[in-house]
Amino acid sequence: MSAAHDSHGPNDGAAHGTMRDYVIGFILSVVLTAIPFWLVMADPLGDKALTGGIVVIFAAVQIVVHMIFFLHMNTKSEGGWNMLALLFTVVLVVIVLSGSLWVMHHLNANMMPMSHDMAEMP
């Protein structure tokens with residue numbers, strides 16, 4: 001196999017991380033895991049909905065950190081196709097999740113069992 005056909009050659013266009021990038025990514029990942037863990041265990045905010053929202057935000061930021069520092073995703077890798085595939089996946093996941101939540105909300109609102117007072121009405 002020649003060097004021109006080597007899939008991991010120096011001219012494949014993919015960015016390879018340095019040790020510094022991996023250490024920064026690891027430290028950010030640990031911090032982005034430890035803070036939500038502390039928020040849930042210590043409950044300093046006192047509001048479970050607010051705590052849940054903050055944990056979800058930390059999770060989204062951690063996904064971005066993993067994609068940048070460990071998966072080396074950027075607009076330049078593989079001619080931008082990685083980013084386009086990621087964008088399509090995110091749009092698809094948002095559509096599926098929002099549609100599922102919408103259906104579950106309407107099923108809950110429209111198919112709740114009747115209360116005792118409503119059952120006695122003629």
Distance-only check: which donor-acceptor pairs under 3.5 Å involve side-chain atoms of residues 94-105, not counting sequence neighbours?
from	atom 1	to	atom 2	distance (Å)
Ser98	OG	Val94	O	2.7
Ser98	OG	Ile95	O	3.3
Ser100	OG	Val96	O	2.8
Trp102	NE1	His106	NE2	2.9

Check residues 80-89 and write down every donor-acceptor pair under 3.5 Å in which the side-chain atom is one partner and the other belongs to a residue at least two apart or another chain.
from	atom 1	to	atom 2	distance (Å)
Asn82	ND2	Ser77	OG	3.3
Thr89	OG1	Ala85	O	2.8

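- There is a path of hydrophobic side-chain contacts, each under 4.5 Å, that joins Leu71 to Ile63.
- Residue pairs meeting the side chain to side chain donor-acceptor pair (under 3.5 Å) criterion with at least one member in residues 36-55, sequence neighbours excluded, do not occur.
- Applying the side-chain contact (heavy atoms from CB on, under 4.5 Å) criterion to Tyr22, with sequence neighbours excluded, gives Phe70, His72.
- When the side chains of ILVMFWY residues are joined at heavy-atom separations under 4.5 Å, either directly or via intervening members, Val56 and Leu45 end up in two distinct hydrophobic clusters.
- Annotation: ring pair (Phe, Tyr, Trp, His ring centres under 6.0 Å) contacts of Phe26 (sequence neighbours excluded): none.
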Below 3.5 Å, can you tabulate the donor-acceptor pairs from side chains in residues 27-36 to any protein atom, sequence neighbours excluded?
from	atom 1	to	atom 2	distance (Å)
Ser29	OG	Gly25	O	2.8
Ser29	OG	His66	NE2	3.2
Thr33	OG1	Ser29	O	2.8
Thr33	OG1	Gln62	NE2	2.9

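- Cluster annotation: Val55 is not connected to Val64 through the hydrophobic network of ILVMFWY side chains, with a link wherever side-chain heavy atoms come within less than 4.5 Å.
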